[in-house]
Trainee: 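The following block contains the structure, expressed as C-alpha coordinates.
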Amino acid sequence: MKCYRCNDWPCSCADGCAVIHGDCLNVLSCLQAASVGITVTDPPYNLVIKYGQCDDNKIDYPEWCFAWITELRRVCSGCIAVSVGMANLSIWATIARPDWWLAWWKPAAMGRCVVGVNNWEPIALYGKPKRQVCDVIRAPIIPDGAMNGHPCPKPLAWATKQIAMLSNDGDVILDPFMGSGTTLRAAKDLGHKAIGIEIEERYCELAAKRLQQGVLPFV
(Lines give C-alpha, C1' and ligand atoms only; values in the text may rest on other atoms or scores of the structure.)
Protein backbone atom coordinates (compact mmCIF):
# COMPACT_ATOMS: atom_id res chain seq x y z
CA MET A 1 0.00 0.00 0.00
CA LYS A 2 1.37 3.43 -0.91
CA CYS A 3 0.12 6.97 -1.45
CA TYR A 4 -0.56 7.75 -5.10
CA ARG A 5 0.72 11.30 -4.61
CA CYS A 6 4.05 10.76 -2.77
CA ASN A 7 4.63 7.07 -3.63
CA ASP A 8 5.25 6.37 0.04
CA TRP A 9 3.56 4.86 3.10
CA PRO A 10 3.03 6.18 5.68
CA CYS A 11 2.04 9.12 3.49
CA SER A 12 4.66 11.88 3.45
CA CYS A 13 2.51 14.50 1.66
CA ALA A 14 2.81 17.89 3.34
CA ASP A 15 -0.97 18.18 3.75
CA GLY A 16 -1.32 14.63 5.10
CA CYS A 17 -3.93 13.66 2.50
CA ALA A 18 -3.15 10.26 1.01
CA VAL A 19 -4.67 9.03 -2.26
CA ILE A 20 -4.61 5.21 -2.41
CA HIS A 21 -5.24 3.52 -5.76
CA GLY A 22 -6.82 0.12 -5.17
CA ASP A 23 -9.84 -1.93 -4.15
CA CYS A 24 -11.22 -0.62 -0.87
CA LEU A 25 -11.61 -4.08 0.68
CA ASN A 26 -7.95 -4.86 0.04
CA VAL A 27 -6.74 -1.50 1.33
CA LEU A 28 -9.00 -1.42 4.39
CA SER A 29 -7.67 -4.83 5.45
CA CYS A 30 -4.21 -3.22 5.69
CA LEU A 31 -5.34 -0.47 8.09
CA GLN A 32 -5.10 -0.97 11.83
CA ALA A 33 -8.17 -1.03 14.06
CA ALA A 34 -9.37 2.44 15.11
CA SER A 35 -6.62 4.04 13.00
CA VAL A 36 -8.89 6.72 11.51
CA GLY A 37 -11.39 9.09 13.11
CA ILE A 38 -14.46 9.23 10.87
CA THR A 39 -15.59 8.10 7.43
CA VAL A 40 -17.54 10.25 4.96
CA THR A 41 -18.25 8.43 1.72
CA ASP A 42 -20.49 8.02 -1.31
CA PRO A 43 -20.26 4.43 -2.64
CA PRO A 44 -21.61 3.21 -5.99
CA TYR A 45 -25.40 2.73 -5.89
CA ASN A 46 -25.56 -0.33 -8.19
CA LEU A 47 -27.51 1.67 -10.79
CA VAL A 48 -25.30 0.64 -13.76
CA ILE A 49 -23.63 4.09 -13.92
CA LYS A 50 -20.35 4.03 -15.82
CA TYR A 51 -17.46 4.67 -13.40
CA GLY A 52 -14.57 3.76 -15.70
CA GLN A 53 -13.71 0.11 -15.06
CA CYS A 54 -15.74 -0.11 -11.83
CA ASP A 55 -18.58 -2.66 -11.80
CA ASP A 56 -21.76 -0.80 -10.83
CA ASN A 57 -24.00 -3.79 -11.48
CA LYS A 58 -23.22 -6.29 -8.73
CA ILE A 59 -25.46 -9.31 -8.21
CA ASP A 60 -24.10 -9.58 -4.67
CA TYR A 61 -24.42 -5.84 -3.91
CA PRO A 62 -25.85 -6.23 -0.34
CA GLU A 63 -23.13 -8.74 0.60
CA TRP A 64 -20.44 -6.50 -0.89
CA CYS A 65 -21.73 -3.50 1.08
CA PHE A 66 -21.83 -5.55 4.29
CA ALA A 67 -18.19 -6.56 3.79
CA TRP A 68 -16.83 -3.01 3.53
CA ILE A 69 -19.10 -1.49 6.19
CA THR A 70 -17.82 -4.20 8.56
CA GLU A 71 -14.25 -3.15 7.77
CA LEU A 72 -15.12 0.52 8.28
CA ARG A 73 -16.49 -0.25 11.74
CA ARG A 74 -13.16 -1.91 12.55
CA VAL A 75 -10.87 0.90 11.37
CA CYS A 76 -12.96 3.91 12.50
CA SER A 77 -12.95 5.14 16.07
CA GLY A 78 -15.78 7.61 15.41
CA CYS A 79 -18.79 8.05 13.14
CA ILE A 80 -19.33 6.57 9.69
CA ALA A 81 -21.52 8.53 7.26
CA VAL A 82 -22.57 6.75 4.06
CA SER A 83 -24.61 8.38 1.30
CA VAL A 84 -26.63 5.33 0.26
CA GLY A 85 -28.77 6.76 -2.54
CA MET A 86 -32.55 7.09 -2.59
CA ALA A 87 -33.04 3.83 -4.50
CA ASN A 88 -31.12 1.89 -1.81
CA LEU A 89 -32.75 3.42 1.25
CA SER A 90 -34.78 0.32 2.15
CA ILE A 91 -32.06 -2.29 1.60
CA TRP A 92 -29.59 -0.51 3.90
CA ALA A 93 -31.90 -1.22 6.82
CA THR A 94 -31.13 -4.91 6.23
CA ILE A 95 -27.48 -4.63 5.12
CA ALA A 96 -26.43 -2.86 8.34
CA ARG A 97 -29.07 -0.90 10.20
CA PRO A 98 -27.82 2.66 10.86
CA ASP A 99 -27.91 4.31 14.26
CA TRP A 100 -29.54 7.35 12.63
CA TRP A 101 -30.34 8.89 9.26
CA LEU A 102 -29.14 12.28 8.04
CA ALA A 103 -30.75 14.15 5.15
CA TRP A 104 -28.70 15.84 2.46
CA TRP A 105 -30.93 18.68 1.26
CA LYS A 106 -29.99 19.94 -2.19
CA PRO A 107 -32.17 23.03 -2.83
CA ALA A 108 -33.51 23.52 -6.35
CA ALA A 109 -32.11 20.15 -7.43
CA MET A 110 -33.80 17.80 -9.84
CA GLY A 111 -32.69 14.36 -8.70
CA ARG A 112 -33.37 10.91 -10.08
CA CYS A 113 -35.86 8.80 -8.17
CA VAL A 114 -38.21 5.92 -9.02
CA VAL A 115 -41.17 8.02 -7.87
CA GLY A 116 -40.14 11.29 -9.52
CA VAL A 117 -38.01 14.24 -8.44
CA ASN A 118 -36.29 14.28 -5.06
CA ASN A 119 -34.53 17.26 -3.50
CA TRP A 120 -32.92 15.28 -0.70
CA GLU A 121 -30.87 12.12 -0.30
CA PRO A 122 -30.37 9.85 2.73
CA ILE A 123 -27.09 9.49 4.61
CA ALA A 124 -26.78 6.45 6.88
CA LEU A 125 -25.01 7.36 10.13
CA TYR A 126 -23.21 4.76 12.24
CA GLY A 127 -21.98 5.78 15.67
CA LYS A 128 -22.97 8.70 17.86
CA PRO A 129 -21.48 12.19 17.44
CA LYS A 130 -19.80 13.53 20.57
CA ARG A 131 -21.83 16.74 20.39
CA GLN A 132 -25.34 17.76 19.41
CA VAL A 133 -25.74 18.05 15.64
CA CYS A 134 -28.45 18.85 13.12
CA ASP A 135 -29.58 15.93 10.96
CA VAL A 136 -30.13 18.06 7.82
CA ILE A 137 -27.17 19.07 5.63
CA ARG A 138 -27.82 21.84 3.11
CA ALA A 139 -25.51 21.55 0.12
CA PRO A 140 -26.74 22.85 -3.26
CA ILE A 141 -25.35 21.18 -6.36
CA ILE A 142 -23.02 23.77 -7.90
CA PRO A 143 -21.13 23.09 -11.15
CA ASP A 144 -17.41 22.77 -10.48
CA GLY A 145 -14.94 22.42 -13.33
CA ALA A 146 -12.45 20.76 -10.99
CA MET A 147 -14.66 17.66 -10.95
CA ASN A 148 -14.98 17.23 -14.72
CA GLY A 149 -14.50 13.59 -15.66
CA HIS A 150 -16.56 12.02 -12.85
CA PRO A 151 -20.22 11.16 -13.60
CA CYS A 152 -21.68 11.74 -10.13
CA PRO A 153 -19.54 14.15 -8.07
CA LYS A 154 -20.82 15.48 -4.76
CA PRO A 155 -20.62 19.23 -4.01
CA LEU A 156 -17.82 20.32 -1.71
CA ALA A 157 -20.27 21.52 0.96
CA TRP A 158 -21.70 17.98 1.18
CA ALA A 159 -18.38 16.73 2.57
CA THR A 160 -17.29 19.90 4.38
CA LYS A 161 -20.42 20.10 6.52
CA GLN A 162 -20.38 16.41 7.43
CA ILE A 163 -16.72 16.57 8.47
CA ALA A 164 -17.27 19.76 10.49
CA MET A 165 -20.30 18.19 12.17
CA LEU A 166 -18.95 14.71 12.97
CA SER A 167 -15.18 15.03 13.44
CA ASN A 168 -13.02 16.00 16.38
CA ASP A 169 -9.71 17.85 16.39
CA GLY A 170 -6.94 15.64 15.08
CA ASP A 171 -9.24 13.09 13.42
CA VAL A 172 -8.01 11.42 10.25
CA ILE A 173 -10.83 11.43 7.69
CA LEU A 174 -11.41 8.35 5.53
CA ASP A 175 -13.22 7.95 2.21
CA PRO A 176 -13.03 4.40 0.78
CA PHE A 177 -14.86 5.47 -2.42
CA MET A 178 -12.96 8.68 -3.05
CA GLY A 179 -14.11 9.39 -6.62
CA SER A 180 -13.10 12.92 -7.60
CA GLY A 181 -11.62 13.60 -4.14
CA THR A 182 -14.36 15.79 -2.63
CA THR A 183 -14.00 14.37 0.89
CA LEU A 184 -10.21 14.78 0.85
CA ARG A 185 -10.50 18.32 -0.52
CA ALA A 186 -12.90 19.21 2.31
CA ALA A 187 -10.70 17.53 4.92
CA LYS A 188 -7.67 19.51 3.78
CA ASP A 189 -9.63 22.78 3.90
CA LEU A 190 -10.63 22.03 7.50
CA GLY A 191 -7.08 21.13 8.56
CA HIS A 192 -7.51 17.36 8.79
CA LYS A 193 -5.33 14.57 7.50
CA ALA A 194 -7.21 12.17 5.25
CA ILE A 195 -7.06 8.86 3.40
CA GLY A 196 -8.92 8.36 0.14
CA ILE A 197 -9.23 4.99 -1.63
CA GLU A 198 -10.22 4.74 -5.28
CA ILE A 199 -10.21 1.78 -7.69
CA GLU A 200 -10.27 3.92 -10.87
CA GLU A 201 -6.83 5.41 -11.50
CA ARG A 202 -8.00 8.41 -13.53
CA TYR A 203 -10.09 9.54 -10.56
CA CYS A 204 -6.96 9.31 -8.40
CA GLU A 205 -5.31 11.72 -10.82
CA LEU A 206 -8.33 14.03 -10.61
CA ALA A 207 -8.26 14.01 -6.81
CA ALA A 208 -4.51 14.64 -6.72
CA LYS A 209 -4.95 17.73 -8.89
CA ARG A 210 -7.72 19.07 -6.62
CA LEU A 211 -5.48 18.64 -3.58
CA GLN A 212 -2.79 20.78 -5.19
CA GLN A 213 -5.02 23.84 -4.81
CA GLY A 214 -4.68 26.19 -1.87
CA VAL A 215 -7.09 26.01 1.06
CA LEU A 216 -10.62 26.97 0.02
CA PRO A 217 -13.07 28.96 2.20
CA PHE A 218 -15.54 27.01 4.35
CA VAL A 219 -19.08 27.93 3.26
Side-chain angles (χ1 to χ4, degrees), residues 1-28 30-31 36-45 49-54 56 68 72 75-76 80-85 104 106 121 123 137 139-167 171-219:
M1 183 172 69
K2 60 184 179 182
C3 174
Y4 187 88
R5 301 173 67 202
C6 66
N7 202 35
D8 195 12
W9 191 261
C11 171
S12 58
C13 296
D15 55 24
C17 293
V19 171
I20 309 298
H21 174 222
D23 185 293
C24 72
L25 283 172
N26 295 335
V27 177
L28 289 172
C30 297
L31 298 180
V36 301
I38 69 167
T39 291
V40 173
T41 195
D42 177 39
Y45 296 164
I49 297 174
K50 188 64 174 176
Y51 294 102
Q53 302 302 313
C54 178
D56 191 38
W68 55 256
L72 290 180
V75 303
C76 286
I80 301 168
V82 182
S83 286
V84 301
W104 167 33
K106 38 185 182 176
E121 291 189 22
I123 300 174
I137 295 166
I141 296 177
I142 302 172
D144 185 345
M147 295 185 285
N148 287 342
H150 192 281
C152 299
K154 290 292 188 287
L156 187 61
W158 165 88
T160 303
K161 292 182 178 181
Q162 289 184 76
I163 294 171
M165 179 175 70
L166 300 174
S167 68
D171 275 351
V172 176
I173 314 302
L174 172 66
D175 186 350
F177 302 97
M178 181 188 64
S180 62
T182 299
T183 299
L184 268 67
R185 176 70 255 184
K188 177 182 176 180
D189 293 344
L190 294 174
H192 287 278
K193 295 181 178 180
I195 300 171
I197 306 168
E198 176 54 47
I199 197 169
E200 180 67 26
E201 188 170 14
R202 63 192 176 106
Y203 298 156
C204 291
E205 296 173 354
L206 181 60
K209 289 179 180 178
R210 294 182 73 188
L211 289 168
Q212 290 174 1
Q213 301 171 347
V215 175
L216 303 176
F218 175 29
V219 294

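In this text, all values refer to a predicted model and were calculated from it rather than measured experimentally.
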Trainee: By the ring-ring contact (aromatic ring centres under 6.0 Å, His included) test, which pairs, at least two apart or in different chains, include something from residues 171-195?
Mentor: Trp64-Phe177, Trp68-Phe177

Trainee: How long is the span from the CG atom in Leu174 to the CD1 atom in Ile195, to the nearest 0.5 Å?
Mentor: 6.0 Å

Trainee: What residues, two or more places apart in sequence or in another chain, satisfy side-chain contact (heavy atoms from CB on, under 4.5 Å) together with Pro10?
Mentor: none

Trainee: Whether the side chain of Gln162 engages the backbone of Trp158 through a donor-acceptor N/O pair (distance < 3.5 Å, no angle test) should be reported.
Mentor: yes

Trainee: Minimum heavy-atom separation for Cys17 to Cys3, with atom names?
Mentor: O-SG, 4.5 Å

Trainee: CD of Gln212 to SG of Cys13: how many Å apart, nearest 0.5 Å?
Mentor: 10.0 Å

Trainee: Which residue is it: Lys154, Arg210, Glu198? I am looking for the one with a side chain to side chain donor-acceptor pair (under 3.5 Å) to Ser180.
Mentor: Arg210

Trainee: What residues, two or more places apart in sequence or in another chain, satisfy side-chain contact (heavy atoms from CB on, under 4.5 Å) together with Val84?
Mentor: Val82, Trp92, Trp101, Pro122, Ala124

Trainee: What heavy-atom pair brings Ala186 and Thr160 nearest, and what distance separates the two atoms?
Mentor: CB-OG1, 3.3 Å

Trainee: Out of curiosity, Tyr4 OH to Met178 CE, how far, rounded to the nearest 0.5 Å?
Mentor: 9.5 Å

Trainee: If you compare all heavy atoms of Ser167 against all heavy atoms of Ile173, which two are closest, and at what distance to 0.1 Å?
Mentor: CB-CD1, 4.1 Å

Trainee: Donor-acceptor check, side chain of Trp104 to backbone of Ala139, threshold 3.5 angstrom: yes or no?
Mentor: yes

Trainee: For the CD atom of Glu205 and the CD atom of Glu200, what is their distance to the nearest 0.5 Å?
Mentor: 9.5 Å

Trainee: Distance from Ile80 atom CD1 to Leu72 atom CG, nearest 0.5 Å?
Mentor: 5.0 Å

Trainee: Please name all residues satisfying side-chain contact (heavy atoms from CB on, under 4.5 Å) with Val27, sequence neighbours left out, ordered by chain then number.
Mentor: Met1, Ile20, Ile197

Trainee: Could you pull out all residues at least two apart from Thr41 that satisfy side-chain hydrogen bond (donor to acceptor under 3.5 Å, both in side chains)?
Mentor: Asp175

Trainee: Looking at Pro155 and Thr182, what are the two nearest heavy atoms and their distance?
Mentor: O-CG2, 3.7 Å

Trainee: For a quick test of reading the model, state the closest non-hydrogen atom pair linking Ala187 to Ile163 and the distance between them.
Mentor: N-CD1, 3.7 Å

Trainee: Measure the shortest side-chain to side-chain distance between Asp42 and Thr183 over non-hydrogen atoms and say whether it is less than 4.5 angstrom.
Mentor: no

Trainee: Which atoms form the tightest heavy-atom contact between Gly181 and Ala207, and what is the distance?
Mentor: CA-CB, 3.7 Å

Trainee: Please report the interatomic distance NZ(Lys188) to CZ(Arg185), rounded to the nearest 0.5 Å.
Mentor: 5.0 Å

Trainee: Filter on side-chain hydrogen bond (donor to acceptor under 3.5 Å, both in side chains), then keep only pairs touching residues 9-21, sequence neighbours left out; what's left?
Mentor: Arg5-Asp15

Trainee: Lys2: what forms a side-chain hydrogen bond (donor to acceptor under 3.5 Å, both in side chains) with it, not counting sequence neighbours?
Mentor: Asn7

